[in-house]
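These notes are about the structure you will find just below.
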2 protein chains.
Amino acid sequence: MNALVRKLEHFCSFNKEERAVLDSLSELPLVVAPRHDIIREGDNPTGVNLIVDGYAVRYKALADGRRQILGYFVPGDICDLRVFILKRMDHSIATLTQAEIKTIPEKRVVEVVDRYPRIMRALWWATLVEESITREWLLSMGQRTAVERFAHLFCEIYHRAHAVGLADGPTVRLPLRQSDLAEMTGLSAVHVNRVLQQLRKSGVVKFDGRLLTIVNLEQLEEIALFDPLYLHMGEGRAAKGIQAKSA
Amino acid sequence: MNALVRKLEHFCSFNKEERAVLDSLSELPLVVAPRHDIIREGDNPTGVNLIVDGYAVRYKALADGRRQILGYFVPGDICDLRVFILKRMDHSIATLTQAEIKTIPEKRVVEVVDRYPRIMRALWWATLVEESITREWLLSMGQRTAVERFAHLFCEIYHRAHAVGLADGPTVRLPLRQSDLAEMTGLSAVHVNRVLQQLRKSGVVKFDGRLLTIVNLEQLEEIALFDPLYLHMGEGRAAKGIQAKSA
DNA sequence: CGCCCACTTGATTAATATCAAATACTGTGG
DNA sequence: CCACAGTATTTGATATTAATCAAGTGGGCG
């Protein structure tokens with residue numbers, strides 16, 4: 001099933017025509033090797049990229065090489081709607097795993113968006129949610145301890161993966177290195193290792209470099225001080241009574 | 001002079017009519033006390049707020065009270081264009097100093113934006129720049145040391161203040177407490193104090209709780225590993241040859 | 001004057017980084 | 001199937017950064 005449609009339907013539902021348009025947004029899927037830049041800071045990109053499979057991230061680097069991952073994409077995420085306005089990328093996008101992406105030319109996006117206002121709003125919604133996630137990460141970095149930060153990251157991955165149908169049980173495919181997680185959380189790789197051990201030992205979550213298993217979601221969310229509001233899920237479906245809300 | 005127009009003209013220039021519209025966006029300026037919430041997380045806001053004078057911030061808080069400031073507004077900044085799509089605020093906005101704000105009703109924004117596409121693009125640009133700044137903060141939090149983080153924050157404040165004409169020399173009005181700076185940088189107030197002393201002693205920047213003075217901008221930017229690209233200034237004026245670029 | 005803050009200072013502790021070495025895992029060629 | 005090389009993970013020891021605690025100091029203002 002189309003992960004993009006699945007994701008956007010957390011915002012609103014589409015009719016058959018809209019779905020067909022979303023399905024047909026691009027033709028040629030492109031396979032990108034792991035750890036490969038898709039767009040680099042300073043570039044002036046001309047289209048947007050839809051992640052079809054695999055994990056990709058936004059990142060920024062300091063002049064001396066320190067890198068920070070700013071967010072990750074799961075299948076169904078679109079990389080850069082903002083490029084239509086900003087002239088140059090202020091950060092880079094790279095794959096972590098092998099990934100399949102589809103590049104949608106600027107022209108096609110404009111056409112679709114002009115013709116289907118609901119799709120436009122849905123894409124806009126997706127962008128705003130992503131920014132909300134960035135803000136939550138900033139909160140994590142500034143205020144959460146290393147353990148809380150990991151607990152939170154894992155809660156988020158779990159919820160986002162479920163939102164696009166990437167998992168049905170407590171286990172999510174997450175083929176990342178500990179050094180990747182280090183770049184996501186702003187911690188050293190060694191410390192990441194110790195934090196993971198601690199979480200494993202306390203029996204709330206397991207991660208073996210390939211699969212992430214949430215053993216005790218409730219406890220994990222408690223450790224993380226997790227509040228799902230920032231993911232803005234179920235706002236569109238609210239009328240249908242599907243959403244779950246925290247107090 | 002209108003700080004909003006001044007800011008947006010970093011993206012494109014406007015004709016007389018557009019300027020008049022921007023000037024007239026709202027009627028009643030409202031004075032808000034210092035340290036007062038303007039919008040709170042979970043609210044469903046109905047308009048956008050333009051900061052006319054004073055400093056305001058976005059912030060998020062964890063359930064146990066830890067707070068993180070996510071970004072600040074200077075006069076000319078508009079708080080929440082995104083509310084048209086997201087149903088609930090995922091963070092709060094509060095004043096730090098006494099501030100003067102104008103609330104623009106949703107309807108008025110829609111009207112103006114529909115009628116003046118350039119204004120729409122300019123507002124969109126402003127929003128995207130703000131998000132770019134959030135990403136840079138995330139990089140700061142994750143990778144910059146306390147000293148670098150402060151150096152960077154001060155560079156940013158300096159550049160943003162200049163962009164809207166809030167300063168002409170090396171000094172910017174910045175009536176904040178050290179505890180405010182602590183919430184911006186994710187450091188403890190005590191540590192902020194020591195970092196400020198260090199920066200003052202090394203003679204690159206002074207801050208006395210009221211005024212920020214950049215003594216040596218070049219050196220400060222070096223300490224901060226500052227790259228102005230993320231502010232996206234001068235992209236619109238590029239054709240006029242006004243922008244300055246870093247290597 | 002005296003109170004209330006914010007700021008400053010010093011001492012101590014806690015969190016995390018760094019360094020270095022050992023172990024485990026993955027894929028490859030024989 | 002095994003040996004090996006190259007990575008990734010794990011472990012231990014130590015250093016650094018920043019938080020915390022506690023006690024001043026200083027300034028603005030009723």
Side-chain angles (χ1 to χ4, degrees), chain A residues 33-36 55 62 64-69 96-98 139-153 173-202 205-213 223-225, chain B residues 33-35 55 62 64-68 96-98 139-153 174-202 205-212 223-225:
Chain A
R35 289 155 212 298
H36 189 272
Y55 280 97
L62 294 175
D64 64 7
R66 281 175 277 173
R67 262 171 50 123
Q68 177 64 41
I69 289 177
L96 288 186
T97 65
Q98 185 175 92
L139 173 61
S140 270
M141 289 298 233
Q143 302 300 326
R144 287 189 174 95
T145 65
V147 168
E148 291 165 355
R149 219 178 290 171
F150 264 97
H152 194 275
L153 176 63
R173 226 175 81 77
L174 190 71
L176 303 187
R177 296 180 192 159
Q178 293 183 359
S179 57
D180 297 327
L181 297 178
E183 288 189 336
M184 288 189 189
T185 52
L187 299 167
S188 71
V190 173
H191 200 59
V192 165
N193 183 280
R194 302 198 226 257
V195 168
L196 290 177
Q197 287 180 57
Q198 191 178 331
L199 286 171
R200 200 183 315 134
K201 244 169 260 165
S202 62
V205 69
K206 277 184 314 193
F207 171 67
D208 67 355
R210 200 140 318 145
L211 297 176
L212 172 70
T213 302
I223 293 172
L225 297 129
Chain B
R35 290 158 212 295
Y55 279 97
L62 294 175
D64 64 7
R66 280 175 277 174
R67 262 171 51 124
Q68 176 64 41
L96 287 186
T97 65
Q98 184 176 92
L139 172 61
S140 270
M141 290 298 232
Q143 302 300 326
R144 286 189 174 94
T145 65
V147 169
E148 291 165 356
R149 221 178 290 172
F150 264 96
H152 194 274
L153 176 63
L174 190 72
L176 302 188
R177 297 180 190 161
Q178 292 183 359
S179 59
D180 296 327
L181 296 178
E183 289 189 336
M184 288 190 189
T185 53
L187 299 166
S188 71
V190 172
H191 200 58
V192 165
N193 183 282
R194 301 199 227 255
V195 168
L196 289 177
Q197 287 180 56
Q198 192 178 330
L199 287 171
R200 199 182 316 134
K201 242 169 265 167
S202 62
V205 69
K206 278 185 310 194
F207 171 68
D208 68 355
R210 202 138 317 147
L211 297 176
L212 172 70
I223 293 172
L225 295 128

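Below, chains carry the letters A, B, ... as their sequence lines are ordered, and counting in each starts from 1.
- The 12-atom threshold is exceeded at CZ of B/Arg35, counting heavy atoms of other residues, nucleotides or ligands nearer than 6.0 Å.
- In this structure, A/Ala189 reaches neither bases nor backbone, as no heavy-atom distance under 4.0 Å exists between it and the strands shown.
- With A/Thr185 as the fixed residue, the side-chain contact (heavy atoms from CB on, under 4.5 Å) test singles out one of A/Asp180, A/Ile69, A/Val192: A/Val192.
- At the phosphate of D/dT10, OP1 or OP2 sits under 4.0 Å from a side-chain N or O atom of A/Gln178.
- Across all strands shown, A/Arg210 has heavy atoms under 4.0 Å from sugar-phosphate atoms exclusively, and none from any base.
- Per the geometry, CD belonging to B/Gln197 stands 13 Å off P belonging to D/dG26, to the nearest Å.
- Rounded to whole angstrom, the span from the CG atom of B/Leu181 across to the P atom of C/dA6 amounts to 13 Å.
- Taking for each of B/Leu196 and A/Arg194 the nucleotide of DNA chain C with the nearest heavy atom, the 5'-most of the two is the partner of B/Leu196.
- For B/Arg177, taking side-chain heavy atoms from C-beta onward, the closest of the listed nucleotides C/dT8, C/dT16, C/dC7 is C/dC7.
- Regarding A/Arg144, its CZ atom lies at a distance of 17 Å from the P atom of C/dA15, rounded to whole Å.
- Going from atom CG of A/Leu187 over to atom C1' of D/dT16 covers 15 Å, rounded to whole Å.
- Side-chain atoms of A/Met184 and A/Leu96, non-hydrogen and from C-beta on, do get closer than 4.5 Å to each other.
- OP1 or OP2 of D/dT10 has at least one side-chain nitrogen or oxygen of A/Asn193 nearer than 4.0 Å.
- Atom P of nucleotide C/dA15 and atom CD of A/Glu148 are separated by 11 Å, given to the nearest angstrom.
- We find that CZ of B/Arg200 is positioned 10 Å from C1' of C/dC7, with the value rounded to whole Å.
- In this structure, of D/dA19, D/dT20, D/dT11, it is D/dT11 that holds the atom nearest to the side chain of A/Val190.
- Judged by distance alone, with hydrogens and angles left aside, the side-chain atoms of B/Arg144 form a donor-acceptor pair with the main-chain N or O of B/Leu225 at under 3.5 Å.
- The side chain of A/His191 approaches C/dA17 more closely than any other nucleotide in the set D/dA18, D/dT11, C/dA17.
- Atom CG in A/Asp208 sits about 12 Å away from atom C1' in C/dC25, given to the nearest Å.
- Of the candidates B/Glu183, B/Arg67, B/Arg66, B/Gln68, B/Gln68 is the only one forming a side-chain hydrogen bond (donor to acceptor under 3.5 Å, both in side chains) with A/Gln143.
- Remark: C1' of D/dA19 and CZ of B/Arg149 are 13 Å apart, rounded to the nearest angstrom.
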